[in-house]
Structures are given as structure tokens and as C-alpha cells.
Asks: 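Structure provided below as C-alpha cells; questions to follow.
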Amino acid sequence: MAVETVRSTCPHDCPSVCALSVERPAPDCIGRVHGSRANPYTDGVICAKVARYAERVHNPDRLTTPLLRDGPKGSGRFRPIGWDEALDRVAEAFDAARRRHGPQALWPYHYAGTMGLVQRDGLDRMRHLLGTSLQDSTICIALADAGWSAGVGAKRGVDPREMAESDVIVLWGLNAVHTQVNVMHWVAKARKGRGARLVVVDPYRNATAEKADLHLMLRPGTDAALACAVMHVLFRDGFADRAYLARFTDDPAGLEAHLADRTPAWAAAITGLSVAQIEGFARLYGGTKRAFLRLGYGFTRSRNGAAAMHAVSCLPAVTGAWAHRGGGALYSMSGLMPVDMGLITAADRRDPGQRWLDQSRIGAVLTGDRAALGDGPPVHAMLIQNTNPMVVAPDSGTVAQGFARDDLFVCVHEQIMTETARMADVVLPATTFLEHDDLYKAGGHSFLQVGLRAIDPVGEARCNHDVVTALLARLDAPAHPAAALTAREMVEETLRRSGLPPAEEIAATGGHDCDAGFEAQHFLSGFGHADGRFRFHAAWQGAQAAVMPDLPDQLAVIEAADADHPYRLVTAPARNFLNTSFNETPSSRRQEGRPEVFVHPDDADALGLADGDLARIGNGRASVALHVRRFAGLHPGTLVVESLWPNAAFVEGVGINALVGSDPGPPNGGAAFHDSAVWLRPAAAARAGGDQAAA
């Protein structure tokens with residue numbers, strides 16, 4: 001008997017947002033997952049971890065019933081309870097906290113375990129209707145967004161399918177083999193069809209850099225210096241398109257004068273690249289009008305990430321590559337998607353007096369740091385959906401201290417018993433994307449998609465929308481139209497309000513293409529600023545705007561190495577994990593092996609470290625024990641740990657984000673996961689001394 005297939009959309013925190021074809025051998029069971037050819041960007045290609053999604057849906061460790069803590073916090077001791085009792089307990093705890101401390105003592109907290117608009121952003125509706133603390137979602141894209149907006153002014157760019165028409169493709173801070181396999185599919189089309197060359201800019205020789213024609217292996221946090229030196233050469237050697245600059249940019253003469261002393265020799269001393277490498281890349285890029293610049297998030301996850309994004313985004317404006325098919329740049333397409341979010345978020349009910357709490361500073365917030373809390377009360381109750389902050393958030397040691405508070409009530413709505421769920425008072429079982437209905441934007445392409453329920457929920461799992469609706473009813477929230485609607489009805493009504501086709505039509509066609517056309521996506525009708533010009537002069541906004549450079553430049557705010565902390569640590573994404581999703585599936589864990597630190601052989605020799613030795617990385621925040629992999633594909637002084645492994649997978653149960661600071665990056669916040677100064681020692685020696693060595 002033929003296996004039935006159903007269409008869906010991958011919900012995970014990835015710009016590819018792949019269209020899926022899912023095998024359904026039975027009404028309550030899925031088999032293999034494939035990329036759908038109905039969507040021309042996905043084009044039948046998906047990553048291996050999603051292809052094995054049955055491991056996650058049918059994981060024997062799936063949460064299937066509500067649980068009540070039955071032991072000390074973090075003990076993992078729970079007993080099953082019914083849904084009504086669970087929801088009543090959560091509502092009672094929320095009500096007690098708001099009566100005693102005010103509604104801003106409640107902090108609904110989420111992120112991108114699902115990117116579905118109904119199932120993710122519905123938590124905003126709770127915030128707005130109840131007047132709770134709001135969430136400043138800084139953990140992923142805040143720095144990148146600020147840098148891109150400073151120059152381009154609109155969150156869109158060149159259709160990624162144009163890569164097939166490019167002669168040079170530059171992946172800057174994007175390990176696409178690990179994180180966006182579809183990009184590599186389009187790179188392959190360009191190589192086969194046009195002999196295109198692939199350039200990868202990344203601090204280590206990862207799986208994408210291995211496939212490059214040119215790998216620019218720079219030191220972490222030095223991307224802006226490279227970009228400035230490249231622009232210096234473009235102006236100096238006649239590669240700048242002066243007619244394009246005069247028509248579409250704000251101050252090309254001022255930029256050229258500013259870059260006069262940002263020479264390749266200047267940048268070589270900062271980046272660790274040679275003058276010849278910088279000059280060669282500048283000539284390759286400048287001499288190719290069909291040069292496609294695909295910008296990732298990785299290089300922006302330093303404290304100077306916004307400045308770096310702005311500097312790099314200036315390159316196609318200098319060469320005029322925007323004017324050519326297969327030329328220009330793409331960071332994110334999400335600004336193209338014309339979705340009316342009013343029904344989902346109830347943003348019109350927001351009280352201007354509600355405070356914003358920085359999600360990246362959750363440790364500081366929960367431990368009562370007054371600078372993080374502002375003028376409001378401590379947080380006393382939380383509902384957490386779609387994220388695992390005990391592992392994902394910076395400064396995870398402080399995060400753990402916060403969750404250990406006896407006066408903090410936490411409800412976690414999850415699919416698996418994560419480290420965060422273990423710290424909860426009530427745990428609610430959540431559906432996977434195949435068990436509910438939702439609507440999806442994309443960052444990596446122009447298609448708006450839907451995912452309609454393919455199988456019945458596993459056990460007693462319920463979707464995010466149903467939980468939010470049930471709690472709002474118990475908490476006597478103000479009336480709102482969403483209260484009467486199912487998730488499927490939310491999808492349909494949101495599409496109707498947005499002037500978009502119904503869900504079944506979108507599903508049948510592989511997605512609704514929001515492509516705005518060549519002129520709009522190449523900004524030939526003007527960039528996103530009021531004057532229509534690309535801005536080399538960045539009008540930065542935010543609490544730390546004053547530290548930002550006016551014109552593109554290397555900003556010296558990274559956590560610099562020093563005598564006590566001579567190494568720079570990058571916590572790069574592993575191929576088989578996606579943040580903490582998939583780190584519980586057997587095949588992904590088997591293929592990743594164990595947490596390891598990549599160490600240059602010169603550094604390893606100086607410390608007497610062999611492959612497989614146990615080492616300790618540390619700084620003033622914590623220390624982490626893990627095994628050594630000697631690896632020549634990075635600069636001496638740079639360390640790389642591919643993650644995110646569960647904290648419990650590390651030798652001492654301390655995860656890698658314990659080393660990452662939570663201070664907000666300028667100009668307006670953002671987490672700096674790839675910007676930590678650390679020491680490295682053999683594990684036995686490290687135990688004898690050093691800051692936080694015994695942590």
C-alpha cells in the first residue's frame with residue numbers, strides 16, 4: 001500500500017523555512033520527511049536533521065501529560081496531573097503574583113523553537129491583554145537588524161534564486177552547510193551553470209569553508225576592518241561605480257576620504273589575513289558585477305556586530321552590484337511578508353507604560369539586577385514557550401541561579417523535558433508543528449507558507465494557542481476576538497485580514513510568493529530611507545548609539561584577549577543541532593559525538609594538549625571542561641566549540657554559554673555569543689587556580 005504524503009512547512013529557527021513533503025503511513029504517525037518540489041526555493045532539498053523528524057515526533061521521551069513538581073526545584077521529580085488542574089494552578093500563581101506585585105511581575109517568555117506566527121507570537125497577546133512585562137527579543141537578530149537597517153533601511157534584498165545567475169557568491173558569516181543547506185543548493189546551481197566562484201568569510205575552516213574557492217579566515221570580530229579595507233581598494237583601483245554612488249548613496253566622497261587610511265595593511269594587522277588575500281578578494285569582488293553577498297548572523301554575534309553588518313552591507317553600494325541580476329545582497333526577506341499581526345498579538349491593547357525586559361539578560365532579570373529590571377518589580381511568575389533559556393541564554397550560570405529562586409513560579413510548555421522544564425513548577429506537554437496549524441514567514445526567501453495539522457497530537461499535548469487562550473480565560477483577560485478562534489481559524493482570519501489567499505490554496509501551491517520584483521528587491525526605486533539613498537552615514541538609534549561609528553569602521557568594543565584571557569571563543573552552530581532542538585534525538589547526538597573545543601596545534605603544543613585530552617576553558621563568569629580536538633583551520637588564539645549541547649552533556653554539567661556575557665551590544669542590545677575572551681588549560685592544571693576555575 002502506498003504511503004500517503006502531506007505538505008507542511010519546517011517551523012524551526014532557520015531562514016530557509018523549507019516546504020516539506022511528509023510521509024504519513026498512519027493517521028497518528030509520520031515517516032521520512034522530504035523537501036517539497038512545489039516550492040521553487042526549497043526545490044526538494046532539506047537538511048538531514050529535519051529529514052529524520054520522526055525521531056522527534058515519536059521520541060519516547062516526548063512529554064505527553066501535564067506534570068506538577070514533586071520535589072526540590074531542578075530535581076526532575078514530577079507527578080502527572082490533569083489539564084484542568086495544571087491550568088488552574090498556573091492561573092492561580094499568575095493571579096497571586098499580579099495581586100501582590102502588579103501585572104509586570106509576570107513575564108511571559110518565548111523565542112523561536114517554532115517560527116509560526118500563531119503559535120509563537122500569540123504569547124504577545126497575553127502580554128498586551130494582561131499588562132505584563134514585555135520582552136525585548138535581542139537574543140538572535142537585534143545586532144544584525146540594526147546594522148542592516150542603518151544602511152539599507154528595509155528588511156528585504158535580492159531574491160536568493162538569483163544566485164543561479166551570479167558569477168561570485170560571498171557567504172559572509174554563514175556556515176550554510178550547517179545552518180542553511182538550501183543556500184548551498186543554489187550555490188551549486190551557479191557553479192554548474194556559470195562557473196561561479198564561492199567565497200566564504202568565517203573565522204574557522206568549517207564545512208562550508210571546505211567547499212569554497214576562497215576562504216578568508218579572519219580573526220573573530222574583525223569583519224568591519226576587512227570590509228573597510230576592501231572598500232579602500234575598490235575606490236583606489238577604479239572598481240567603485242561612481243555613477244551608481246552619485247545616484248543611490250548619501251556621501252560617497254565622504255566615505256572615500258574616511259577610508260583613505262583603512263588600507264589592506266591596516267586591516268591585515270587586525271584580521272590576521274595577509275595583504276595579498278585582502279587585495280585579491282577586493283579585485284575579485286570589485287571586478288564582478290554579478291556578485292551576490294549572502295550575509296549571515298554569525299559575524300554579528302560580537303559586541304561590534306551591528307557596526308560590522310553596516311560595514312559589510314556597504315560593499316554592493318560601492319560597486320553598484322545592486323543594479324545587476326545576480327548581484328547585490330541578501331540578509332533577510334521577512335520585511336516582504338505583508339501579514340497583519342493584529343489578531344495574533346493584540347498590539348493595539350499595549351499599554352505604553354509596560355516595561356521591556358531584555359530576553360538576553362534573563363539571568364540578570366531573575367536574580368534581581370536593578371539595571372536589568374528597571375523601575376518595575378522583580379519577576380515572580382513566568383510562562384515559557386518555544387525556548388530553553390537554561391541552555392540557550394548567555395551567562396547561563398546566572399540564569400540557573402535565577403530559576404532556582406523559591407519565590408519564582410515557572411510554567412514551561414514543552415515537547416521534551418529540557419533543562420528549563422526541569423526547573424519548572426508545572427510542565428505542560430506541547431505539540432510539534434505536525435500536530436497543529438500555523439502560518440510562516442521566511443527570512444531566506446520570499447514565500448509565505450502554512451503548515452496544516454498532519455497528525456493527531458501525541459498523548460495529551462496541546463498547542464501554544466490553546467494554552468494561551470485557556471489561561472487568558474482563567475485570568476479574566478479583557479475580551480478579544482482571538483479568544484473564540486481555533487488555531488486554524490486564526491490562520492484563516494489572519495490571511496483574510498492581510499489580503500492573502502486562504503490556507504488550503506497556499507498549501508497546495510507550495511507557498512505564496514511575496515516577491516516584489518527586480519527593481520524593488522534591488523532597490524533601484526530607492527532604498528528604505530526617506531531620501532531613497534543607501535546611507536554610509538549611519539543614524540544609529542538606541543541607548544548606546546553614541547559609541548557607534550558615523551561611517552563604516554572597525555569598532556573596538558569586542559571582549560579583547562589579554563594576558564589572563566589570551567583566547568577568543570566562538571560558539572558556532574553544530575551541523576546536527578539547531579539551537580537546542582534536535583540535541584535530544586539519538587541520530588543527531590550520535591553524529592555529533594561529544595562537546596569538543598577546536599584548538600590550533602600551536603596552542604595545543606604550547607599547553608601539552610593532545611587530541612581527546614580533557615581541557616578547561618574559563619573566564620570571570622565560569623569554567624567549562626571538555627575534550628580537545630586539534631584543528632589547524634583557525635588562527636592561533638581562536639577557540640571554537642560547536643554546540644548547543646545540553647548542559648548535562650558536558651563533563652561537569654556546565655554548558656558552554658556559562659562563558660558568554662549578557663551585557664547588551666550597541667546600539668540597542670543584542671547577545672554576543674561569539675565574543676568571549678577566555679583562558680585554556682589542561683583540566684588538571686586548571687583546577688589548581690584561575691578565576692572561577694572550580695565553578
Side-chain angles (χ1 to χ4, degrees), residues 7-20 36 38-42 110 112 114-129 137 141 145 149 153-157 159-160 330 332-350 386 433 436-453 463-466 468-469 472 479-517 519-521 525 528:
R7 288 182 176 172
S8 191
T9 304
C10 181
H12 286 283
D13 189 6
C14 166
S16 293
V17 193
C18 292
L20 305 178
S36 172
N39 181 293
Y41 178 72
T42 302
H110 70 171
T114 176
M115 297 289 281
L117 303 183
V118 171
Q119 306 292 353
R120 180 192 64 190
D121 297 309
L123 202 60
D124 283 343
R125 188 166 66 256
M126 174 178 280
R127 295 170 178 143
H128 298 148
L129 294 178
S137 296
I141 62 174
D145 273 6
S149 297
K155 205 168 179 181
R156 65 178 192 272
D159 189 318
L330 174 61
S332 175
M333 286 291 202
S334 63
L336 274 177
M337 312 287 173
V339 180
D340 183 336
M341 294 291 290
L343 180 66
I344 295 171
T345 67
D348 59 323
R349 308 289 184 89
R350 181 189 301 164
N386 316 327
F433 74 99
H436 60 234
D437 301 297
D438 217 335
L439 175 66
Y440 300 94
K441 286 185 175 184
H445 57 77
S446 58
F447 288 86
L448 182 78
Q449 298 175 85
V450 298
L452 303 180
R453 193 169 94 170
C463 71
N464 292 358
H465 171 74
D466 290 349
V468 168
T469 299
L472 286 172
H480 189 267
L485 301 179
T486 66
R488 176 60 182 273
E489 290 166 341
M490 290 285 288
V491 170
E492 298 290 4
E493 179 60 14
T494 296
L495 290 170
R496 188 193 68 77
R497 292 184 178 201
S498 305
L500 294 164
E504 289 284 2
E505 181 179 332
I506 292 175
T509 57
H512 177 74
D513 195 350
C514 300
D515 183 279
E519 286 214 355
Q521 291 187 202
S525 51

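Note that this is a predicted model, so its numbers are computed, not measured.
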Asks: Check Ala442 against Phe447 and note the closest heavy-atom contact, atom names and distance.
Replies: CB-O, 3.8 Å
Asks: Just by modelled atom types, is the Gly451 backbone N or O under 3.5 Å from a matching donor or acceptor in the Asp438 side chain?
Replies: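 Side chain of Asp438 to backbone of Gly451, a donor-acceptor pair under 3.5 Å: no, none is there.
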Asks: Return the CG to CE distance between Leu472 and Met126, rounded to the nearest 0.5 Å.
Replies: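 If I round to the nearest 0.5 Å, the distance is 4.5 Å.
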Asks: Once ring pair (Phe, Tyr, Trp, His ring centres under 6.0 Å) is applied, do any residues pair with His436, and if so which ones, sequence neighbours excluded?
Replies: none
Asks: So, does His12 use its side chain to make a donor-acceptor pair with the main chain of Cys14 at under 3.5 Å?
Replies: no
Asks: If every non-hydrogen atom of Cys514 is compared with every non-hydrogen atom of Met337, which pair is closest and at what distance?
Replies: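 Closest approach of Cys514 to Met337, heavy atoms only: SG-SD, 3.8 Å.
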Asks: Looking at Val450 and Leu495, what are the two nearest heavy atoms and their distance?
Replies: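 The answer is CG1-CD1, 4.4 Å.
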Asks: Verify, without hydrogens or angle tests, whether Thr42 (side chain) and Ala19 (backbone) share a donor-acceptor contact under 3.5 angstrom.
Replies: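 It does hold such a pair.
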Asks: Output all residues satisfying side chain to side chain contact (heavy atoms under 4.5 Å, CB included) with Ala482, sequence neighbours left out; order by chain, then residue number.
Replies: Arg125, Leu343, His480, Met490
Asks: Counting only N and O atoms by type, is there a donor-acceptor contact under 3.5 Å from the side chain of His445 to the main-chain atoms of Pro160?
Replies: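 No; zero donor-acceptor contacts below 3.5 Å.
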Asks: Hey, could you give me the NZ/CE distance between Lys441 and Met115, rounded to the nearest 0.5 Å?
Replies: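 Between atom NZ of Lys441 and atom CE of Met115 there are 10.0 Å.
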Asks: Could you give me the CA-CA distance, side-chain angles and deciding distance for Asp515 and Leu336, then say whether side-chain contact (heavy atoms from CB on, under 4.5 Å) is met?
Replies: CA-CA 7 Å; Asp515 183 279; Leu336 274 177; 5.8 Å; no
Asks: Among Leu439, Thr509, Asn39, find the one that has a side chain to side chain contact (heavy atoms under 4.5 Å, CB included) with Gln449.
Replies: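 One option only clears the test, and that one is Asn39.
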Asks: Calculate, to the nearest 0.5 Å, the distance between atoms CD and OG belonging to Glu519 and Ser525 respectively.
Replies: 6.0 Å
Asks: Among pairs that include at least one residue of residues 492-504, which meet salt bridge (charged side-chain N to carboxylate O under 4.0 Å, His left out), considering only residues two or more places apart or in two chains?
Replies: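 The answer is Arg488-Glu492, Arg488-Glu504, Glu493-Arg496, Glu493-Arg497.
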Asks: Rounded at 0.5 Å granularity, tell me how far OG in Ser8 sits from OH in Tyr440.
Replies: 6.0 Å
Asks: Return the set of residues passing salt bridge (Lys or Arg N to Asp or Glu O under 4.0 Å) with Arg127 (not counting sequence neighbours), or none when no residue passes.
Replies: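 Salt bridge (Lys or Arg N to Asp or Glu O under 4.0 Å) check on Arg127 returns Asp124.
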Asks: If the test is side chain to side chain contact (heavy atoms under 4.5 Å, CB included), which one of Ser498, Pro338, Pro501 qualifies with His512?
Replies: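 Answer after filtering Ser498, Pro338, Pro501: Pro501.
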Asks: With sequence neighbours excluded, tell me which residues meet salt bridge (Lys or Arg N to Asp or Glu O under 4.0 Å) with Asp159.
Replies: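 Asp159 satisfies salt bridge (Lys or Arg N to Asp or Glu O under 4.0 Å) with Arg161 once adjacent residues are dropped.
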Asks: For Phe433, which residues count as a ring pair (Phe, Tyr, Trp, His ring centres under 6.0 Å) partner, sequence neighbours excluded?
Replies: Tyr53
Asks: Output every pair passing side chain to side chain donor-acceptor pair (under 3.5 Å) with a member in residues 333-347, not counting sequence neighbours, ordered by first then second residue.
Replies: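 Matches after skipping sequence neighbours: Ser332-Ser334.
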Asks: What residues, two or more places apart in sequence or in another chain, satisfy salt bridge (Lys or Arg N to Asp or Glu O under 4.0 Å) together with Asp145?
Replies: Lys155
Asks: Rounded to the nearest 0.5 Å, how far apart are CG of Asp513 and OG of Ser446?
Replies: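 Between Asp513 CG and Ser446 OG, I get 3.5 Å after rounding to 0.5 Å.
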Asks: Side chains of Asn386 and Thr114 only: does a donor on one sit below 3.5 Å from an acceptor on the other?
Replies: no
Asks: Restricting to side chain to side chain contact (heavy atoms under 4.5 Å, CB included), what partner residues turn up for Ser149, sequence neighbours left out?
Replies: none
Asks: State which residues pass side chain to side chain contact (heavy atoms under 4.5 Å, CB included) with Ser137; sequence neighbours excluded, sorted by chain then number.
Replies: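 Residues passing side chain to side chain contact (heavy atoms under 4.5 Å, CB included) with Ser137: Tyr111, Gln135, Gln359.
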Asks: Going by side chain to side chain contact (heavy atoms under 4.5 Å, CB included), name the residues that satisfy it together with Pro15, two or more places apart in sequence or in a different chain.
Replies: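 For Pro15 the side chain to side chain contact (heavy atoms under 4.5 Å, CB included) partners, ignoring immediate neighbours, are Gln180, Arg294, Tyr297.
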Asks: Heavy atoms only: give me the nearest Leu20-Thr9 pair and the separation to one decimal.
Replies: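 Taking Leu20 first and Thr9 second, the nearest heavy atoms are CD1-C, 3.8 Å.
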Asks: Start with the C-alpha distance between Val339 and Thr494, add both sets of side-chain angles, then the distance that settles side-chain contact (heavy atoms from CB on, under 4.5 Å), and finish with yes or no.
Replies: CA-CA 7 Å; Val339 180; Thr494 296; 3.7 Å; yes
Asks: Can you tell me how far the CZ atom of Arg350 sits from the NE2 atom of His128, to the nearest 0.5 Å?
Replies: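 The CZ atom of Arg350 sits 4.0 Å away from the NE2 atom of His128.
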Asks: Among residues two or more places apart or on two chains, list those pairs meeting salt bridge (charged side-chain N to carboxylate O under 4.0 Å, His left out) that have a residue in residues 7-16.
Replies: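 Passing the test, one end in residues 7-16: no pairs.
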Asks: Show the nearest heavy-atom pair for residues Thr469 and Ala483, with the distance to one decimal.
Replies: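 Where Thr469 meets Ala483 most closely, the heavy atoms are CG2-O, 3.6 Å.
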Asks: Looking at Ala38, is its backbone amide N or carbonyl O close enough to the side chain of Ser36 to form a donor-acceptor pair, meaning the two atoms are under 3.5 Å apart?
Replies: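 Side chain of Ser36 to backbone of Ala38: a pair is present.
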Asks: Which atom pair, heavy atoms only, marks the closest approach of Gly443 to Val17?
Replies: N-CG2, 4.5 Å
